[in-house]
Structures are given as structure tokens and as C-alpha cells.
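The next block holds one structure in the form of C-alpha cells; read it before the comments.
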Amino acid sequence: MAAHLYRRFLKLCEIWGLDSTKKGRDLGEHIRERVAQSFVHGEVTKVNNLKECEEFHESLLRLANNYYGKQYQRHDISSASGLTAEECRMIVSTDSMKELAHIEEAGIIDRFQIYFPSPVTKQK
């Protein structure tokens with residue numbers, strides 16, 4: 001039974017793509033790492049709590065197949081902020097997160113200059 005479950009997790013990893021914009025923070029990457037840790041011996045790995053493992057797989061499979069997104073579709077906007085799904089993806093990318101961290105690390109004067117550049121600064 002564990003061999004069958006292992007193959008199902010491998011198929012889940014195929015379905016769940018990797019997001020290159022979220023290096024080190026990608027859920028697909030994390031799932032692959034956890035499968036490798038949990039099934040150290042591949043198909044012959046002994047699973048202690050088979051039912052819990054199967055339930056976990058089913059939950060991840062629903063997420064991977066966007067079960068809830070399809071069930072509760074929104075066509076006009078994707079978030080409370082009014083941003084589209086693509087805009088949200090862009091904001092949570094690793095590059096954007098680094099930029100936001102850089103802004104947060106800046107002192108208050110630097111932040112004012114970032115958000116309210118003087119006309120002289122804009123010309124540069």
C-alpha cells in the first residue's frame with residue numbers, strides 16, 4: 001500500500017509545477033523535499049499512519065488541481081486589494097519581496113525619497 005501511495009505522491013509532484021519566481025519559497029519545491037524525506041527508501045518505505053498520509057495527499061491534490069478556485073470562480077478581481085491574479089503573482093515573486101525588504105530596511109528619510117521623489121531626483 002505504501003508503494004501505491006509513494007507513486008501517487010510522485011504523480012502529485014508532476015502535477016504541481018515549480019515556480020521559478022519563488023526560489024526557496026515555492027510550495028512545489030517544499031512538497032518535493034517532504035516526499036523525499038518521507039519516502040527515503042522509495043516504494044519500500046514503511047508508512048506509520050497510512051490514513052493520515054492519504055488524507056494529506058488528497059488535500060494537496062485538491063489544491064494542485066485548483067478544486068476550490070474552480071468551485072468559487074471570480075472573474076473581475078482576484079483579491080480584496082482589487083489586483084488581478086497576475087499582479088498578485090508578480091508582487092509575491094522573490095525579486096519583488098527582496099525589493100520590499102530593501103525599502104523596509106531603509107531609514108525614514110530614504111523611504112520618503114523613494115515614495116515622494118523630489119523633482120530633481122526624478123530628472124536623474
Side-chain angles (χ1 to χ4, degrees):
M1 191 65 170
H4 178 67
L5 189 59
Y6 173 68
R7 287 190 293 272
R8 287 173 52 199
F9 268 105
L10 290 180
K11 191 170 271 288
L12 174 71
C13 289
E14 288 176 19
I15 294 170
W16 203 301
L18 293 173
D19 189 345
S20 61
T21 65
K22 295 181 184 170
K23 295 258 189 231
R25 302 180 304 116
D26 181 38
L27 186 55
E29 180 182 335
H30 178 72
I31 291 170
R32 284 168 174 73
E33 290 171 4
R34 289 295 307 268
V35 168
Q37 291 169 356
S38 299
F39 293 93
V40 177
H41 302 293
E43 292 184 352
V44 295
T45 302
K46 294 187 186 223
V47 177
N48 294 332
N49 193 341
L50 195 59
K51 183 178 179 185
E52 183 179 319
C53 195
E54 287 175 341
E55 289 172 357
F56 187 64
H57 174 270
E58 292 303 315
S59 295
L60 289 174
L61 188 60
R62 282 192 298 273
L63 289 172
N65 290 325
N66 197 21
Y67 174 81
Y68 298 105
K70 291 174 184 173
Q71 190 172 1
Y72 303 103
Q73 288 186 353
R74 297 186 57 152
H75 300 288
D76 51 349
I77 56 173
S78 67
S79 68
S81 67
L83 299 173
T84 65
E86 185 57 37
E87 290 168 330
C88 289
R89 272 189 222 94
M90 188 176 73
I91 288 171
V92 298
S93 71
T94 301
D95 293 338
S96 293
M97 298 298 280
K98 285 180 184 176
E99 182 64 30
L100 288 173
H102 172 71
I103 291 171
E104 287 180 10
E105 291 171 0
I108 192 160
I109 302 296
D110 293 332
R111 275 188 262 165
F112 274 121
Q113 289 176 344
I114 290 169
Y115 292 118
F116 307 106
S118 68
V120 176
T121 309
K122 287 183 181 179
Q123 293 174 354
K124 291 183 179 180

Original post:
Nearest heavy-atom pair of Ala2 and Val47: which atoms, and what distance?
Top reply: CB-CG2, 3.8 Å
Subject >> Which atom of Leu18 lies closest to which atom of Gly28, heavy atoms considered >> reply: CD2-C, 3.7 Å
Subject >> Arg62: salt bridge (charged side-chain N to carboxylate O under 4.0 Å, His left out) partners, not counting sequence neighbours >> reply: none
**OP:** Would you please name every residue forming a salt bridge (charged side-chain N to carboxylate O under 4.0 Å, His left out) with Arg34, sequence neighbours left out?
**Re:** none
In Å, rounded to the nearest 0.5 Å, how long is the span from [atom1] of [X] to [atom2] of [Y]?
| X | Y | atom1 | atom2 | answer |
| --- | --- | --- | --- | --- |
| Phe56 | Leu5 | CZ | CG | 11.0 Å |
| Gln37 | Thr45 | CD | OG1 | 12.5 Å |
| Ile15 | Leu60 | CD1 | CG | 11.0 Å |
| Glu29 | Cys13 | CD | SG | 11.5 Å |

Subject >> Salt bridge Glu14-Lys11, side-chain N to carboxylate O under 4.0 Å >> reply: no
What pairs with [X] under side-chain hydrogen bond (donor to acceptor under 3.5 Å, both in side chains), at least two apart in sequence or on another chain?
| X | result |
| --- | --- |
| Asn65 | none |
| Glu55 | none |
| His57 | Arg8 |
| Thr21 | Asp19 |

Return the set of residues passing side-chain contact (heavy atoms from CB on, under 4.5 Å) with [X] (not counting sequence neighbours), or none when no residue passes.
| X | answer |
| --- | --- |
| Ala3 | Arg7, Glu43 |
| Asn49 | Lys51, Glu52 |
| Val92 | Lys22 |
| Asp95 | Ser93 |

**OP:** Give a yes or no on this: more than 12 heavy atoms of other residues, nucleotides or ligands lie within 6.0 Å of atom CG of Asn66.
**Re:** yes
Original post:
Quick check: does any side chain N or O of Ser38 sit under 3.5 Å from a backbone N or O of Val35, one acting as donor and the other as acceptor?
Top reply: no
Original post:
If you look only at pairs with a residue in residues 31-53, which of them pass as a ring pair (Phe, Tyr, Trp, His ring centres under 6.0 Å), with sequence neighbours excluded?
Top reply: Tyr6-Phe39, Phe9-Phe39
Original post:
Is there any ring pair (Phe, Tyr, Trp, His ring centres under 6.0 Å) pair reaching into residues 10-30, and which pairs are they, with sequence neighbours excluded?
Top reply: none
**OP:** Flag yes if Tyr67 and Tyr72 sit in one hydrophobic cluster, no otherwise; membership is Ile, Leu, Val, Met, Phe, Trp, Tyr, and two members link when side-chain heavy atoms are under 4.5 Å apart.
**Re:** yes
**OP:** Give a yes or no on whether Leu50 and Leu12 share a hydrophobic cluster (residues Ile, Leu, Val, Met, Phe, Trp, Tyr; joining criterion: side-chain heavy atoms under 4.5 Å apart).
**Re:** yes
